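This report concerns only the one structure given below.
These numbers come from a predicted model, not from an experiment.
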Amino acid sequence: MTDPTTRPGVGKPRTGDSPADQPAADPAETPTTDPTGTPGESPADPAGEAGESPAQRRERSIGRLGDRKRARLDELARATADPGGVSLYRDALRRLRRNPVAIVGAVIVGLFVLVAIFAPLIAPHDPVQRFDELTRDLTVDSIPGATAGHPFGSDPLGRDFLSRMIHGSRQTLFVGVLATLIGLTLGVLLGAIAGAFGGWIDVVLMRLTDVMLALPSLLLAITLVAMASRSSQWTVIFAVAIVSVPIFARLLRGSMLAQRESDHVLAARALGVKEHNIVLRHMLPNSLTAVIVQATLTFAVAILDAAALSFLGLGDPDINRAEWGLMLGVDGQRYFEVRPELAYYPALAIIVVALGFTLLGEAMREAIDPKNRR
């Protein structure tokens, strides 16, 4: 009986047979395997794989699999990416549109600004004109209320109170905007100098702002107005502006110090960019976002402080000027028992406008600064 191991073509070749004497395998019957080990597919590069060890073929297979995965991930990223990118301000605007608090604040601020701008067109009468039908019924213990043509009635001098309320919005907007702009300009100047140069300049300026911040804002404003020889509208504006200077200076100084150690500033310094160009073109523009948001909140405080100064009799002494704080102090306080609406209307207007700017400012801060997002 013949041993199967000695039969030609079966099992292990016999000793002494050369590889040329072995029968060639039929290509049609030999299964092909791609680099990933899948039978039935021809290799992508037979010439490149000839003579490779199993470990090299395994590495080649893993590399091709990784390339396919990376290509798929890149395709998904391109499909979901925003072609134009999303900037900080665009993202903040999108968040504000979806925030009901921001919408309410924007509506209040928008109505206030429109009424102030178009006050001469909206007001039914001249705010300083005295009407006979109103002055005829004026007595020490009686002030006419709502009548035909005068929905809010009369003030103590027989003038249309609704017209004075509408024109008072213009005066309030003027005082608030001008005081905020002056305080913003001075605060940005001091904060930029302290944050850019540091050293003893920073120490001196920040100790000065610390002294101002140690005093209550209204008390400091009263002190500044009292130092003037004669109170007027401009003394109120400058007093309210000076009170807001340390707030802007502190905020900008902190942002500038954070920008000094950022990568783009260090890179500009390494490239030899001059220091004033670094401050004006790299550090300052990237630090103003928080300051602009703070200006919206400061506007509400400026309105309240200006109204408080006028209420205390430290504002403009001209009784013909329609201003909510003056109306609240001169007319509302004196004739509160006779006609309390003279105090209710200006007080409600001041509260609503200050609330609108506060809501809008807080929503802007939350939308722009990721640390304040809920």
### Message
The test is side chain to side chain contact (heavy atoms under 4.5 Å, CB included); show your working for Phe161 and Glu341 and say whether it passes.
### Response
CA-CA 10 Å; Phe161 198 69; Glu341 291 86 353; over 6 Å; no

Do the side chains of [Y] and [X] get nearer than 4.5 Å, heavy atoms only?
| X | Y | result |
| --- | --- | --- |
| Leu359 | Leu355 | yes |
| Arg159 | Gln129 | no |
| Ile122 | Phe118 | yes |
| Phe131 | His125 | yes |
| Pro346 | Met165 | yes |
| Phe174 | Ile237 | yes |
| Ser163 | Phe152 | no |
| Val240 | Leu309 | yes |

How close do [X] and [Y] get, counting heavy atoms only, and between which atoms?
| X | Y | result |
| --- | --- | --- |
| Phe336 | Ala343 | CD1-CB, 3.8 Å |
| Ala123 | Ile166 | CA-CD1, 3.8 Å |
| Met212 | Pro246 | CE-CD, 3.8 Å |
| Ala363 | Ala102 | CB-CB, 3.4 Å |
| Leu252 | Gly191 | CD2-C, 4.1 Å |
| Pro124 | Asp160 | CG-OD2, 3.9 Å |

Quick one: does [X]'s side chain have a donor or acceptor within less than 3.5 Å of a partner on [Y]'s backbone?
| X | Y | answer |
| --- | --- | --- |
| Arg170 | Val113 | no |
| Ser310 | Ala307 | no |
| Thr180 | Val177 | no |

Side chain to side chain contact (heavy atoms under 4.5 Å, CB included) for Arg98 and Arg94? Distances and angles first, verdict last.
CA-CA 7 Å; Arg98 300 174 181 174; Arg94 183 163 47 190; 3.6 Å; yes

Between [atom1] of [X] and [atom2] of [Y], what distance do you get to the nearest 0.5 Å?
| X | Y | atom1 | atom2 | value |
| --- | --- | --- | --- | --- |
| Leu189 | Leu205 | CG | CG | 9.0 Å |
| Leu348 | Leu328 | CG | CG | 11.5 Å |
| Leu326 | Arg321 | CG | CZ | 9.5 Å |
| Phe112 | Ile303 | CZ | CD1 | 5.0 Å |
| Thr172 | Leu304 | OG1 | CG | 10.5 Å |
| Thr298 | Leu184 | OG1 | CG | 8.5 Å |

| request: Please assess Arg253 against Asp202 for the test side chain to side chain contact (heavy atoms under 4.5 Å, CB included), listing each intermediate value before the final yes or no. | output: CA-CA 9 Å; Arg253 181 249 186 187; Asp202 182 21; 2.8 Å; yes

Determine, using the 4.5 Å side-chain heavy-atom cutoff (strictly less than), whether [X] and [Y] are members of one ILVMFWY cluster.
| X | Y | value |
| --- | --- | --- |
| Val115 | Val352 | no |
| Leu162 | Leu121 | yes |
| Val204 | Met206 | yes |
| Leu208 | Val245 | no |
| Phe238 | Leu190 | yes |

**Q.** Trace of the side chain to side chain contact (heavy atoms under 4.5 Å, CB included) decision for Arg365 with Leu297
**A.** CA-CA 10 Å; Arg365 173 183 292 178; Leu297 299 172; 3.0 Å; yes

Can you confirm whether Arg207 is buried at CZ, in the sense that more than 12 heavy atoms of other residues, nucleotides or ligands lie under 6.0 Å from that atom?
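Yes, CZ of Arg207 has more than 12 neighbouring heavy atoms, counting only those of other groups under 6.0 Å.
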
From the list Leu224, Val225, Leu218, side chain to side chain contact (heavy atoms under 4.5 Å, CB included) with Ile222 holds only for Leu218

